[in-house]
Amino acid sequence: MHFLPININIEGKRILIVGGGRVGLHKATILSRFTDDATVISPEFRDGFEKLPFTLITKNYEASDLDGAFMVYVCTENEALNRQIKKDAEERHVLASVCDNPSLCDFTSPAIFREDNITVAVASDAKDVHRSMRIRDAIRDNFDYLEANIQPEKSIY
């Protein structure tokens, strides 16, 4: 797998999360740091979703839920359903991240550190998530030092 590290503008884009369990809550919590505009669909929601700024829809997934979506995080705990959602997303040209199954992902979520307008994302092409997290944490723990000791440069652009 070859993932291109990019920043993507999600303003005004319809983002969907399917799954109200532990993994869905984790993805939704991370996403809430970047937007307050997403929809989560699940027949049940784990405690904690109610604290997030997203629209929660209590229902079973249907393929039409993807209509008009830009991207979807597939976070059910049902592998067959996850594969079906991925297939439905492909048919609609919707970017999909099938959590815990990188081989089905159009995109993955890196380990992220954010301070003001600086965002550092550490990714491993979904091969070593824990290593990415350790490196992200080292950057976070040393951010003040790094920022204080980096000399400002003139832009080459």
Side-chain angles (χ1 to χ4, degrees), residues 1-136 139-140 156-157:
M1 292 177 287
H2 300 283
F3 292 100
L4 172 69
I6 62 172
N7 288 323
I8 192 162
N9 182 357
I10 57 173
E11 188 173 343
K13 305 281 199 284
R14 183 164 182 264
I15 301 173
L16 183 66
I17 299 171
V18 181
R22 179 187 59 80
V23 175
L25 180 60
H26 177 72
K27 292 298 179 186
T29 300
I30 292 168
L31 184 61
S32 72
R33 294 168 52 198
F34 298 90
T35 185
D36 59 0
D37 189 17
T39 300
V40 187
I41 295 172
S42 182
E44 299 176 357
F45 291 95
R46 181 184 188 102
D47 287 344
F49 273 98
E50 72 285 351
K51 296 176 185 171
L52 298 174
F54 302 142
T55 301
L56 306 180
I57 300 176
T58 305
K59 67 183 276 305
N60 289 319
Y61 164 81
E62 298 173 50
S64 62
D65 294 327
L66 291 167
D67 292 345
F70 174 69
M71 63 189 333
V72 60
Y73 289 91
V74 184
C75 305
T76 79
E77 294 164 17
N78 179 325
E79 187 176 335
L81 178 57
N82 288 352
R83 288 181 180 279
Q84 182 61 52
I85 297 168
K86 168 59 174 163
K87 179 179 177 291
D88 295 342
E90 280 181 350
E91 290 171 359
R92 289 165 174 77
H93 306 287
V94 174
L95 294 173
S97 178
V98 182
C99 300
D100 296 332
N101 193 340
S103 66
L104 294 179
C105 289
D106 296 316
F107 67 95
T108 61
S109 298
I112 299 168
F113 167 71
R114 186 171 189 161
E115 180 78 24
D116 298 321
N117 67 329
I118 300 297
T119 302
V120 178
V122 181
S124 65
D125 285 343
K127 294 179 181 159
D128 196 341
V129 172
H130 295 288
R131 182 176 179 211
S132 297
M133 291 168 54
R134 287 191 308 271
I135 292 169
R136 183 261 335 260
I139 292 167
R140 180 199 61 214
I156 61 171
Y157 299 105

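Just so you know, these numbers use all the heavy atoms, side chains as well, and skip hydrogens, waters and symmetry mates. Position 1 is the first residue of the sequence; numbering continues from there.
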How about [atom1] on [X], more than 12 heavy atoms from neighbouring residues, nucleotides or ligands closer than 6.0 Å, or not?
| X | atom1 | result |
| --- | --- | --- |
| K51 | NZ | no |
| E11 | CD | no |
| E44 | CD | no |
| R114 | CZ | yes |

At their closest point, which heavy atom of [X] faces which heavy atom of [Y], and how far apart are they?
| X | Y | answer |
| --- | --- | --- |
| V94 | A69 | CG2-O, 3.3 Å |
| A111 | S132 | CB-O, 3.7 Å |
| R46 | R22 | NH1-CB, 3.4 Å |
| A38 | F54 | O-CB, 3.3 Å |

Kindly say whether [Y] contributes a backbone atom to a donor-acceptor pair with the side chain of [X] at under 3.5 angstrom?
| X | Y | value |
| --- | --- | --- |
| S42 | F45 | no |
| T76 | N78 | yes |
| D116 | I118 | no |
| E50 | G48 | yes |
| R92 | D88 | yes |

* Contacts of E115 that satisfy side-chain contact (heavy atoms from CB on, under 4.5 Å) - sequence neighbours left out -> F113, F143
* Structure fact -> Hits for side-chain contact (heavy atoms from CB on, under 4.5 Å) against D37, two or more places apart or cross-chain, chain-then-number order -> T35
* Start with the C-alpha distance between I41 and L16, add both sets of side-chain angles, then the distance that settles side-chain contact (heavy atoms from CB on, under 4.5 Å), and finish with yes or no. => CA-CA 8 Å; I41 295 172; L16 183 66; 3.5 Å; yes
* After noting the C-alpha distance and the side-chain angles of Y61 and L81, does the key distance pass the side-chain contact (heavy atoms from CB on, under 4.5 Å) rule? -> CA-CA 9 Å; Y61 164 81; L81 178 57; 3.9 Å; yes
* Can you tell if the side chain of D106 reaches within under 4.5 Å of the side chain of K86, non-hydrogen atoms only? -> yes
* Going by distance alone, is a donor N or O of one side chain under 3.5 Å from an acceptor N or O of the other, for S103 and N101? -> yes
Roughly how far, to the nearest 0.5 Å, is the [atom2] atom of [Y] from the [atom1] atom of [X]?
| X | Y | atom1 | atom2 | value |
| --- | --- | --- | --- | --- |
| K87 | L66 | NZ | CG | 12.0 Å |
| Q84 | E79 | CD | CD | 13.0 Å |
| I139 | I112 | CD1 | CD1 | 12.0 Å |
| M71 | K13 | CE | NZ | 10.5 Å |
| F34 | I8 | CZ | CD1 | 13.0 Å |
| L52 | L25 | CG | CG | 6.0 Å |

* Structure fact -> Contacts of Y73 meeting ring pair (Phe, Tyr, Trp, His ring centres under 6.0 Å) (sequence neighbours excluded), chain-then-number -> F107
* To do: Dump the intermediate steps for side-chain contact (heavy atoms from CB on, under 4.5 Å) on T39 and I57, then the final yes or no.
  => CA-CA 7 Å; T39 300; I57 300 176; 3.6 Å; yes
* To do: Start with the C-alpha distance between C75 and K27, add both sets of side-chain angles, then the distance that settles side-chain contact (heavy atoms from CB on, under 4.5 Å), and finish with yes or no.
  => CA-CA 8 Å; C75 305; K27 292 298 179 186; 3.9 Å; yes
* Asked: With respect to L31, which candidate in I15, V40, D36 satisfies the side chain to side chain contact (heavy atoms under 4.5 Å, CB included) definition?
  -> I15
